[in-house]
Amino acid sequence: MVKEKVRQFGSEDFRRAVSHLSFVKARNFKGEWRWDIDLEKIDDAEVQKKLAGFPEDDVQHWKNLLKKLLRESTPAEPPQRVQEEPAAYKYAAPAEAPADSFDAFIQKIADHQHDNPTVYTVIGDIINGYTCKDGSFLFTMLDHHDTNRTIQLYLPLRALKKEFTLNTLNNMRVKVSGTVRFDSYRADMKLFARSLKVLGVCSRQKEQEEYEKVCAPYYRSPKEQKAFTIDNIKDVGLITGGTEDNPIQGANDFIRKLPPTIRNPQHLHKEFVKMSNVQEIISALDRLNAAKTCQVIAIVRGGGSPESLACYSDPQLVKAIYESPIPVITGIGHNSDYLLCKQAAHYNGQTPTGAADFINRQYFLQYNRQRDRYQAKTEYRRIEANATKDDLLAENDALMTELQCVRQENQLLQQKIDELKHRSLISRIFNLG
């Protein structure tokens with residue numbers, strides 16, 4: 001009978017299971033457990049049965065050790081003590097505790113955080129508020145419109161003062177003290193407020209006010225934008241997001257509205273960029289200006305949260321649009337989005353579709369301008385005869401939307417007036433000065 005001694009490894013449960021194998025005898029040597037193994041009685045079937053359910057790395061390591069002992073031992077040799085090679089096994093060792101299910105893992109974190117009595121004090125912006133069933137408020141809290149780093153802020157009734165309403169707190173910068181808990185339902189952190197102090201408007205609006213002063217030299221008047229026209233438009237530059245195979249929705253809306261001739265890839269020069277990166281947009285603008293192949297450049301993007309659109313008020317972008325040698329039109333966000341880049345553009349279409357409608361009008365007005373230039377009815381009939389059915393339908397759509405654009409401009413001005421009134425009201429309520 002040949003016996004070998006091997007040091008133990010693995011979890012406590014695993015070591016206990018190995019110790020109960022019929023060919024293993026466990027003993028304690030200077031505080032360290034070791035196994036005496038009877039190599040002549042090794043039973044693979046017993047190993048497979050009794051070690052089923054344990055980590056595969058532990059089981060496989062045990063089998064490899066047994067194979068090594070059997071391979072190295074011979075009847076003529078005296079018993080040798082063989083122990084595991086710690087360096088080789090160290091990197092393969094799994095966690096001792098069995099893995100939790102995902103739900104159990106989330107619940108453990110929630111239980112641990114629930115017992116944490118620590119009170120934290122933090123300053124940040126609160127946005128996207130809504131009222132809960134019991135009258136309490138829930139906001140998203142962040143700093144400097146960074147939507148990648150947010151926490152939920154819960155304002156219970158006991159933390160609400162009489163002057164606090166959803167409208168007066170939304171888009172404000174606040175100082176909050178409270179405890180942090182882990183919401184197991186949403187799997188995120190939530191700050192339970194004990195007290196709240198309003199410090200002023202949120203950093204996004206504060207930043208916007210500072211940008212307005214810096215960008216003042218680059219604004220075009222509404223009268224100037226309204227009077228802007230493009231002669232002999234044949235090629236259009238497009239700066240937008242996504243890729244050629246998968247453009248963003250705003251780009252699709254813009255392209256779909258263009259006249260078929262301009263929609264042709266030979267006349268539509270696309271620059272796909274990350275639309276949240278101001279430097280990428282400016283670089284695309286420089287490339288189109290350097291190429292000198294288009295008569296107008298359109299920057300288009302669909303709607304989004306105020307935080308995601310804040311970059312379009314960046315002074316660097318506003319200045320680049322204003323100084324662009326090739327005229328720039330914008331179609332970013334919605335009619336209600338107040339963005340400084342819109343005021344620097346030669347024409348602001350408010351939305352991607354609005355920008356395309358403007359190009360449509362300019363494209364088909366060429367026929368009328370050519371008719372007036374030659375003052376010849378036969379020339380007008382020739383131009384009309386050359387227009388396709390799609391061209392005529394597109395021209396009709398453009399004329400129908402002209403009045404709508406004027407109304408949208410008036411609506412935007414009224415919203416700006418209402419916003420200024422709202423800020424004045426907040427200043428009076430909280431004595432912000």
Side-chain angles (χ1 to χ4, degrees), residues 123-128 140 142-150 170-174 198-225 239 241 250 273-286 297-324 327-351 355 409 411-427 432-433:
I123 294 176
D125 305 324
I126 54 175
I127 61 173
N128 302 334
T140 298
L142 70 169
D143 193 35
H144 293 93
H145 49 80
D146 184 358
T147 54
N148 293 321
R149 296 169 62 86
T150 64
N170 248 332
N171 298 314
M172 300 299 288
R173 192 162 182 82
V174 298
V198 176
L199 303 179
V201 296
C202 69
S203 57
R204 170 175 46 80
Q205 291 189 358
K206 188 71 174 177
E207 183 181 76
Q208 179 92 350
E209 292 171 357
E210 295 173 356
Y211 283 173
E212 286 179 359
K213 299 175 183 177
V214 177
C215 296
Y218 311 120
Y219 295 157
R220 301 183 193 276
S221 67
K223 182 178 180 181
E224 185 181 359
Q225 289 183 329
I239 300 176
V273 301
K274 185 178 180 180
M275 289 300 287
S276 60
N277 190 315
V278 170
Q279 293 304 322
E280 284 193 24
I281 299 175
I282 294 175
S283 297
L285 194 59
D286 292 340
I297 299 172
I299 303 178
V300 302
R301 196 210 112 143
S305 68
E307 281 67 35
S308 66
L309 296 175
C311 61
Y312 300 108
S313 293
D314 189 291
Q316 297 181 75
L317 178 61
V318 174
K319 184 175 185 291
I321 291 174
Y322 182 83
E323 296 179 346
S324 172
V328 176
I329 65 175
T330 52
I332 302 173
H334 299 296
N335 297 334
S336 58
D337 293 322
Y338 179 66
L339 308 174
L340 300 185
C341 71
K342 294 184 176 183
Q343 299 188 59
H346 286 76
Y347 180 84
N348 173 31
Q350 302 289 0
T351 65
E409 291 174 1
Q411 181 184 4
L412 183 63
L413 291 174
Q414 184 60 49
Q415 289 172 345
K416 179 62 176 176
I417 293 173
D418 293 341
E419 182 182 349
L420 293 174
K421 289 180 180 179
H422 176 65
R423 292 184 187 177
S424 177
L425 174 62
I426 292 175
S427 297
L432 297 176

Residues that [X] engages under side chain to side chain donor-acceptor pair (under 3.5 Å), provided they are two or more places apart:
X: Ser305; answer: Ser308
X: Gln279; answer: Gln316
X: Asn128; answer: none
X: Asp314; answer: none

[X] [atom1] to [Y] [atom2] distance, which is reported to the nearest 0.5 Å:
X: Ile281; Y: Ile321; atom1: CD1; atom2: CD1; answer: 7.5 Å
X: Asn348; Y: Leu412; atom1: CG; atom2: CG; answer: 7.5 Å
X: Leu199; Y: Lys206; atom1: CG; atom2: NZ; answer: 11.5 Å
X: Ile239; Y: Ser283; atom1: CD1; atom2: OG; answer: 9.5 Å
X: Glu210; Y: Gln208; atom1: CD; atom2: CD; answer: 10.5 Å
X: Leu317; Y: Cys341; atom1: CG; atom2: SG; answer: 5.5 Å

Exactly one of Glu207, Gln205, Glu307, Arg204 clears side chain to side chain donor-acceptor pair (under 3.5 Å) with His145, and that residue is Glu207
Looking at side-chain heavy atoms only, is the closest gap between [X] and [Y] below 4.5 Å?
X: Ile299; Y: Ile332; value: yes
X: Ile123; Y: Arg173; value: yes
X: Ile297; Y: Ile329; value: no
X: Leu285; Y: Val328; value: yes
X: Ile126; Y: Thr140; value: no

Closest non-hydrogen atom pair between [X] and [Y], with its separation:
X: Leu340; Y: Ser313; result: N-OG, 3.1 Å
X: Pro315; Y: Cys215; result: CA-SG, 3.5 Å
X: Val300; Y: Ala355; result: CG1-CB, 4.4 Å
X: Thr150; Y: Thr147; result: CG2-O, 3.5 Å
X: Leu309; Y: Gly304; result: CD1-O, 3.7 Å

Is the backbone of [Y] close enough, under 3.5 Å, to the side chain of [X] for a donor and an acceptor to pair up by distance?
X: Asp125; Y: Ser203; answer: yes
X: Tyr312; Y: Met275; answer: yes
X: Tyr219; Y: Glu212; answer: yes
X: Asn277; Y: Lys274; answer: no
X: Gln350; Y: Lys342; answer: no

Residue set satisfying salt bridge (charged side-chain N to carboxylate O under 4.0 Å, His left out) with Glu224, at least two apart, ordered chain then number -> Arg220
Any residue meeting salt bridge (charged side-chain N to carboxylate O under 4.0 Å, His left out) with Glu323, in chain and number order, not counting sequence neighbours
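With neighbours one apart ignored, the set is Lys319.
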TODO: Please determine, by modelled atom types, if Tyr338 and Gln343 share a side-chain donor-acceptor pair under 3.5 angstrom.
DONE: yes
Q.
Does either side chain, that of Gln415 or that of Ser336, offer a donor lying less than 3.5 Å from an acceptor on the other one?
A. no
